[in-house]
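Read the structure below first, then the notes.
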Amino acid sequence: MMSAPSSGAETMRKIIPFMRPFRKQILALLAATAALSVLAMLPPLFTRSVINNVIGESRRDLLPGLIVLIFAVPVLHAVISFLQVLGIAYIGQRFVLDVRMAVYKHLLSLHMGFFGKYSTGKIINRLMGDSTTMQNVMGAASIQVISDLVCSLFAITATIYINWRLAIPIIIVVILFVVNYNINIARIRKATRRYRGTSDRLASGVQNRLVANMTVKTFAAEDREENVFSEHSNETTEHAHDSWIASSNFMYNTQLLQEVGRVSIYFLGCAMVLNGSANYGDVTAFTTYAMQILWPAVRFSQLAEQLQNVRISTDRLFEILDEKPLIKSKPDAVKLRKVRGQVDMDSVWFEYEKGVPVIKNLDVHISPGETVALVGPTGCGKTTVLSLIMRLYDVCGGSIRIDGVDVRDAELNSLRRQFGIVLQESLLFTVSITDNIRYARPDATMEEVINAAKIAEIHDDILGFPQGYDSVIGDRDVQLSIGQKQRISIARAVLANPAILVMDEATSSLDSESELAIQRAMDKFLYGRTSFIVAHRLSTIRNADRIILLDRGVVVETGTHDQLMAIEGGRYRDLYEKHAGKGVISDEQD
């Protein structure tokens, strides 16, 4: 997820579509900013008029009007500033919401390979942290830059009008500001990108280790993990320090130039007053306008790191948005209704990495309502076959058809709605038990939810919780066992009422008694449904209509339990006899 840094113009091109819905509000803000800038530039002119005209020429008739203007300008400035702040807050918040939603929606459309390649911690760090940083694009910082630019242009024009000779050192200092910026900004950007990259790695490591907290404790690895966290934190701190040094150099150089310019203008103005080439009012106004040029440069140096953070955050978020969904529906995709469950795999070939096939010329044909058990050693391709059937990945060769329709030609959502799936690792949300079960079918009635829970043998356990079905999973009052989590996952799959059920080691977390109870309850539910079962327990395998033994992506043997056991010297028979006393077929092969 790392690409070359984009140019400023490229970054703005990416941001503009998100700004377009707010174009009217942005124009209003720009108009307010321009008005504020002009209002901020008027007081020096009033001061100049008071000194040169009212006092110098004794024009007392001008004083009442000037007094009204001197008091009216700050009042009007305050009112417009208040409206501007409200507008900035609204646009900034809506802007970051739109960006976040766009990235999250895009993440949901990406293929499984993307999530296997990039850690959850890194993705969350970008989705939440970088989108918030981007809010500064629409915040006070960007408005301040625009305001400073308007004020500087006005001030430069005014200084040239008042005394062009005094304007020369101002122009020289401005040129030096630009040179200082060009020298330092590349260093700031490079240091900031390094810091953000190490921050990603730190967030990723924390997320992984907190999720695997039980493993850490089981192996008494707390001290080791603390050292790893310390190393990553120190690396992040070092890069943060480099970023700060780069920004500080730029800022202090800018401040030095500002002071040199201010002192030069002050003494040059005094000299011109003494030799009669300028009057006191002109020098006073000129000095004020000179600071309106120099101070924005100092403020910009202070904002430089923040602006680079915004640009880098934009690049990092658009690295996600630039990822192309590899699995998507065709424009003329077939919308599947309720299928019968016939699955045909013809010469299927698949590889995660080019040149390293995981599935090789797989030919399997499954009739509607058939229960198929996939067995074999770890890495033989069992879970990959299931992923290909659900089109979580696309085959590299051959085809997979459901009821005669190639899965690549089926509308994606309608295809996946045909499946109910229970994985070895229960994936539950921190919501009520009802909502977890109903996740499969949000419009299901409470009666249907309870019936699914009864089939999964979890109903009585749920009634024992403080709030029953309304109990929130993860709350201090509801800490589920692994087996209870798995049975809730099974209830969710039952509620989906799928045409095809996929159970990948679904009962491995249950004790034998619970597994038998669920199997009895599900026998009726599974009747007439195509089901795929990945399991090592002999009781589950024996009951399958067909057993497919895979090894390195190739079908080694296929048939019923009795048929496979009748093969003299067969691989399945050898496995079964070797592990029958354990009740499971292990992944180990001699």
Answer yes or no: are there more than 12 heavy-atom neighbours, outside Y352 itself, under 6.0 Å from its atom OH? yes

Does any part of the side chain of [Y], heavy atoms only, come nearer than 4.5 Å to the side chain of [X], both counted from C-beta?
| X | Y | result |
| --- | --- | --- |
| V260 | L257 | no |
| D242 | R194 | no |
| L76 | F71 | no |
| R187 | N249 | yes |
| L97 | R94 | yes |

Test side-chain contact (heavy atoms from CB on, under 4.5 Å) applied to V431 and V472, step by step: CA-CA 5 Å; V431 295; V472 176; 5.5 Å; no

side-chain contact (heavy atoms from CB on, under 4.5 Å) between N436 and I433, worked out: CA-CA 5 Å; N436 266 287; I433 293 174; 5.5 Å; no

Donor-acceptor check, side chain of [X] to backbone of [Y], threshold 3.5 angstrom: yes or no?
| X | Y | result |
| --- | --- | --- |
| R492 | R438 | no |
| E411 | S414 | yes |
| R416 | N413 | no |

Do the side-chain N and O atoms of D435 and S432 include a donor-acceptor pair separated by under 3.5 angstrom? yes

For F429 and Y439, take the angle between the two ring planes, folded into 0 to 90°, and tell me which bin it lands in: parallel under 30, tilted 30 to 60, perpendicular over 60. tilted

In sequence, state the C-alpha distance, the side-chain angles, and the governing distance for V179 and I183, and then conclude on side-chain contact (heavy atoms from CB on, under 4.5 Å). CA-CA 6 Å; V179 172; I183 290 174; 3.8 Å; yes

Just verifying a value: how many Å separate S109 OG and E323 CD, rounded to the nearest 0.5 Å? 10.0 Å

